[in-house]
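Okay, structure first, notes after.
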Amino acid sequence: MSIIIDQGKCIGCGRCHDVCPGTLIKINENKKAFIKYPKDCWGCTSCIKECPVHAISFFLGEDIGGKGCKVHTEKVKGEKNDIVRWFFELNDGSVKTIDIDPKESNKY
Amino acid sequence: MKIERLKTDLLIIGGGTAGCYAAITVASNAAGKNTAENKGAGVQDAAGLKILVVEKANIKRSGCLAAGVNALNAYITEGRTPRDYVEYAKKDADGIVREDLLYSISEKFNEVTAHLERLGLVILKDKDGKYVTRGNRNIKINGENIKPILAAAVAKAPNVQVLNHVNIFDFSVHDNRIDGAFGFGIENDTFYAIEARAVIIATGGAAGLYRPNNPGFSRHKMWYPPFNTGAGYAMGIRHGAEMTTFEMRFIALRCKDTIAPTGTLAQGVGAKQVNALGEVYETKYGISTSERVYGTVAENLEGRGPCYLRTVGITPEQEESLLKAYLNMAPSQTIRWIENDTPSKANVEIEGTEPYIVGGHTASGYWVDTKRATTIVGLYAAGDVAGGAPQKYVTGALAEGEIAAKSAVEYIQSKVAEHAEATIKEGEIENHIAEIEKFLGKQGGNTAEARSESVERLEEEMQAAMDAYAGGIKTGYRYSENQLAVALKEIEKIEARVGDLHADDLQEVMYIYELKERLTVCKSVIAHLAARHETRWHSFAENTDYPEKDNERFRKYVNSRLENGKIKIILRELTTEGQRNYEHHH
C-alpha cells in the first residue's frame, strides 16, 4: 500500500509534502513531488485530497491483496455545494466513482 | 546546523487532537474576547501568554485523525450520564481505571462536541435538530476533515505559534522540574532549544513496537499511526516520570489486510462475529474490547477460523452507505470491496492487530493527577500519552487537552513556574548536537556488521523479538516470564547497536531517535507485563504463568519509574467508587 505521484501532472506546489503526517514526500530538483519512503506510507490519503491537479493516486500493495486499482479524488460542483468524487481506476481499464458530500454525515 | 533558542510560556509538544485543542483552549480567551465560535473552551486571564505548538509533521493532518474519523465514540446520549460512561469504561478494563480521570473527561464530552460543531464539524441530526446516535455512546459525523478543522482553529488563535516539521526528542528537566525541550527541524537543518514555563506533552501512544500484521511492503498498513513512536512516553521514562498500566496493551479487531475498523460494520449494519462454521461466537467469550479479540484468536486456535463479520445479505442501500463511510476514515477497505466482492456478497474477514500502547483506548501512559499533572513538575499530559482513562477517544482527548491547558496556565500564573534566566545551558545544547552529528558523520562504522546496520533492520529485529517473546501475533498474544526475560535481553542487545547507525540527514536522525524511543517503551512494556502476575484481560495481557485473574493481589495499578537506570515497579491502590480526585505526591 502506498501512493504514486504522476510526474507529468505534478505542478510542484508542495501541498502534499506539507500535509503528509510522516513527511515522506519530498520535492526533487525538477520541482516535482516524489515519495521518498514509499514503505512508510500509512494510507491516510491526505496528500491525494490536497493535490490540486489529481497527480497522486493510492493503491493497495499485492501483499495485502491489492489488484492494481488506483484511487484519486476530485472536487466537483454538486447541486448545493462542492462534492468529493472518488475515482477507482481498475486494472481492466474501467473506472468507478463514488461521490461524497462533505456536508452530509456518514449513515453509519 | 543552525541553533535557534526560543522562549515561550507554554510549550505544547505534539499538534494532534489533544495538542491542538490545548492550544485553542488557552488562546480563545487570551485576546480578551469570547467569540461565539470558541465559547465553551477557554481559560480566564490567559491574555499575553505565549503558546508554542511543536509538531514533527504538520498539524493540518498529523496524528491519529489524519484520514478522518467516522463517529464520535464518547458522547453522553440522552438519558445517560457521565457516571454511566465511567462505569462502562471501568467494566471494559475490569476495574483498572482511574475513576477521577474518567469523570473529568466524561463531564466534558458534550461540551467539546458542541464546540467542534461550532468550529465546522458536520454532525448528523434528526428532524428535531438532535444528534443521531449510534448505540449508547456514539454520534454520527462526517469527520473526514476533523483535523483540518482543528488546525484552522489553531491558526486563528491569537498568541499561538506553530512549528511544523520539528521533532522534539528530549525534555529539559532540572531537579525534577521541566523548563523546556530540545528538538531539530527535520528539513531546515536547525537545532531548537526551547525554554518554557510549562509543557504539555501530547505526542500520542506507541505503534511499531511489535511485528505488524503485514511486515512487507505494506508494513505501515496498521491501525494506529505508525508515526506515533512513543516519544512522549520515552522522554518521560528517561527523566524518571511515573508511568502506569503499560501492561494493558491495546489490540484492535480489524478487517483483515486493510486493518480497517470493524465497529462501523458491527454497529452500523449490525454485523455479528461468526466463525468459519457460521456460528456467532461472541456470546461464548464476552463482549468487552479484549474479549472480542480473544474470542477471535481462540476460535482460530481451536480450528474454527477464519472469523468474519457477517455482512452477507445487507441491502444495496446499506452497502452503498458502508462504501462511503469507509472512504471517510479507511479508504483501503472501500478499494478492497471494489476490487473484490462487496460486503453484501462476502462476509468480511477479521483479525487482531499487533499490540499497541495507547492511553486513549487502554489505560497506559503517564501517571497523572486529576489536573493532568505528571510527576515531573510543570509537565502536563493529554490524550493518548496520558494514562488511567481508557476509552477516551476523540472527545476525551479534546477534554484532556482542555484540562491540561487550564492546569498549565494556572501553574504558569503561580510563583512556582518562575524560572531564573536561561534555564537551558550552552553545554546541554552542545552535548545534544554532538550526538546528532555523530550519527550524521558516521559512514557506516568500521566492522562489516556495523556498515550494514540500518534503522529498518534494527526495527524489524525489535518487532520480531517483541512478537515472539512479549506476546505478539505469533503467540496469540500470550507470553510467559521466561519468554519476557528473552525479550528483554534481545531489546538490550539491539539498543547496544544503535550507536553504529548512520544518518544522511536530520529526518534519518529522527528515525534513529524514534527507534530509541520504541526500545525504551519496549523495556517498560516488558517490565509491566512481567509485574502483573495474573491474566485480567485476555489477549491484552495474557500471562501463561498466571492464567487466572487474582483480585486479591492485583486489583491495583501497576506503575513504574526509572531509578538509577533500573525500572522500579510500584503497585498503587485503585480509586474508590465514585472518587473524583486522586492527587499524587511528588
Side-chain angles (χ1 to χ4, degrees), chain A residues 1-2 15-24 26-27 36-50 57-73 84-92 94-108, chain B residues 56-58 60-63 66-68 70-71 122-125 132 134 140-145 147 164-165 186-187 213-214 216-222 225-227 257-259 264-265 267-269 318 320-325 327-332 334-336 338-340 456 507:
Chain A
M1 165 216 63
S2 196
R15 281 158 71 171
C16 54
H17 156 270
D18 293 347
V19 296
C20 174
T23 324
L24 309 174
K26 304 290 172 188
I27 309 293
K36 188 174 177 189
Y37 304 97
K39 279 169 74 179
D40 287 349
C41 175
W42 186 30
C44 72
T45 64
S46 298
C47 54
I48 291 166
K49 295 165 190 166
E50 282 292 325
S57 51
F58 172 68
F59 65 96
L60 298 185
E62 282 176 21
D63 61 334
I64 55 170
K67 292 178 180 165
C69 174
K70 290 196 286 184
V71 179
H72 76 273
T73 65
V84 178
R85 179 163 294 162
W86 290 74
F87 290 82
F88 301 83
E89 296 169 50
L90 290 144
N91 233 357
D92 61 8
S94 64
V95 178
K96 281 187 182 165
T97 60
I98 296 180
D99 286 352
I100 303 262
D101 183 342
K103 299 281 179 204
E104 269 178 24
S105 161
N106 292 328
K107 205 170 160 205
Y108 301 121
Chain B
K56 73 174 171 181
N58 180 308
K60 188 170 183 188
R61 287 282 183 181
S62 61
N70 183 42
V122 173
I123 305 180
L124 186 62
K125 287 178 173 167
V132 175
R134 184 183 94 171
K140 298 176 185 180
I141 62 170
N142 185 324
E144 187 285 316
N145 60 349
K147 197 64 212 304
N164 285 318
H165 298 123
I186 60 175
E187 293 188 321
N213 293 86
N214 302 291
F217 181 73
S218 302
R219 64 186 182 187
H220 274 184
K221 186 67 259 173
M222 50 176 64
F227 317 115
D257 296 334
T258 59
I259 317 298
T264 302
L265 290 166
Q267 298 196 44
V269 300
Q318 283 179 313
E320 196 197 328
S321 294
L322 276 181
L323 262 62
K324 287 187 176 184
L327 277 184
N328 279 342
M329 59 172 176
S332 299
T334 306
I335 301 177
R336 171 93 168 187
I338 284 177
E339 285 192 320
N340 300 283
E456 192 171 338
Q507 181 150 354

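Residue numbering restarts at 1 for every chain, and letters A, B, ... go by the order of the sequence lines. The analysis underlying the following values was restricted to heavy atoms, covering all of them including side chains, and did not include hydrogens, waters or symmetry mates.
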Quick check on the interface: out of [options], who has the most heavy-atom pairs with chain A under 4.5 Å?
options	answer
B:A71, B:G68, B:P225	B:P225
B:V132, B:V269, B:T258	B:V269
B:P226, B:G216, B:S62, B:G63	B:P226
B:E456, B:M222, B:R134, B:Q267	B:M222
B:E320, B:K60, B:K140	B:K140
B:N164, B:N214, B:I338, B:T264	B:I338

Does any backbone or side-chain atom of [X] lie under 4.5 Å from a heavy atom of chain A? Answer side chain, backbone, both or neither.
X	answer
B:K56	backbone
B:E339	both
B:N70	both
B:I186	side chain

Looking only at heavy atoms and a cut-off of under 4.5 Å, which of [options] has the most pairs with chain B?
options	value
A:H17, A:E50, A:K36, A:E62	A:H17
A:G43, A:G22, A:G68	A:G22
A:G65, A:S2, A:P21	A:P21

With rounding to the nearest 0.5 Å, note down the distance linking [atom1] in [X] to [atom2] in [Y].
X	Y	atom1	atom2	value
A:W42	B:I259	CH2	CD1	12.5 Å
B:R61	A:C16	CZ	SG	13.5 Å
B:T334	A:I98	OG1	CD1	6.0 Å
B:I335	A:K96	CD1	NZ	12.5 Å

Minimum heavy-atom separation for [X] to [Y], with atom names?
X	Y	value
B:R219	A:K39	NE-O, 3.4 Å
B:R336	A:L60	N-CD1, 4.1 Å
A:S46	B:A66	OG-O, 3.5 Å
B:H220	A:D40	ND1-O, 2.6 Å
B:N142	A:D101	ND2-O, 3.6 Å
A:F58	B:S332	CZ-OG, 3.5 Å

A:K70, NZ: over 12 other non-hydrogen atoms inside 6.0 angstrom: no
Validation row: A:T73, B:L327 side chains within 4.5 angstrom (heavy atoms):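 Result no, sub-4.5 Å side-chain heavy-atom pair not found.
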A:L24 side chain near B:F227 side chain, heavy-atom distance below 4.5 Å: yes
Distance-only polar pair, side chains of B:N340 and A:K67, donor-acceptor under 3.5 Å: yes
Heavy-atom proximity to chain B below 4.5 Å, by part of [X]:
X	answer
A:T45	side chain
A:E104	backbone
A:C69	both
A:V71	side chain

Worked verdict on A:K49 versus B:E144 for salt bridge (Lys or Arg N to Asp or Glu O under 4.0 Å): CA-CA 10 Å; A:K49 295 165 190 166; B:E144 187 285 316; 2.7 Å; yes
Side chain B:E187, main chain A:T23, donor-acceptor under 3.5 Å: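 Looks like no, no N/O pair under 3.5 Å.
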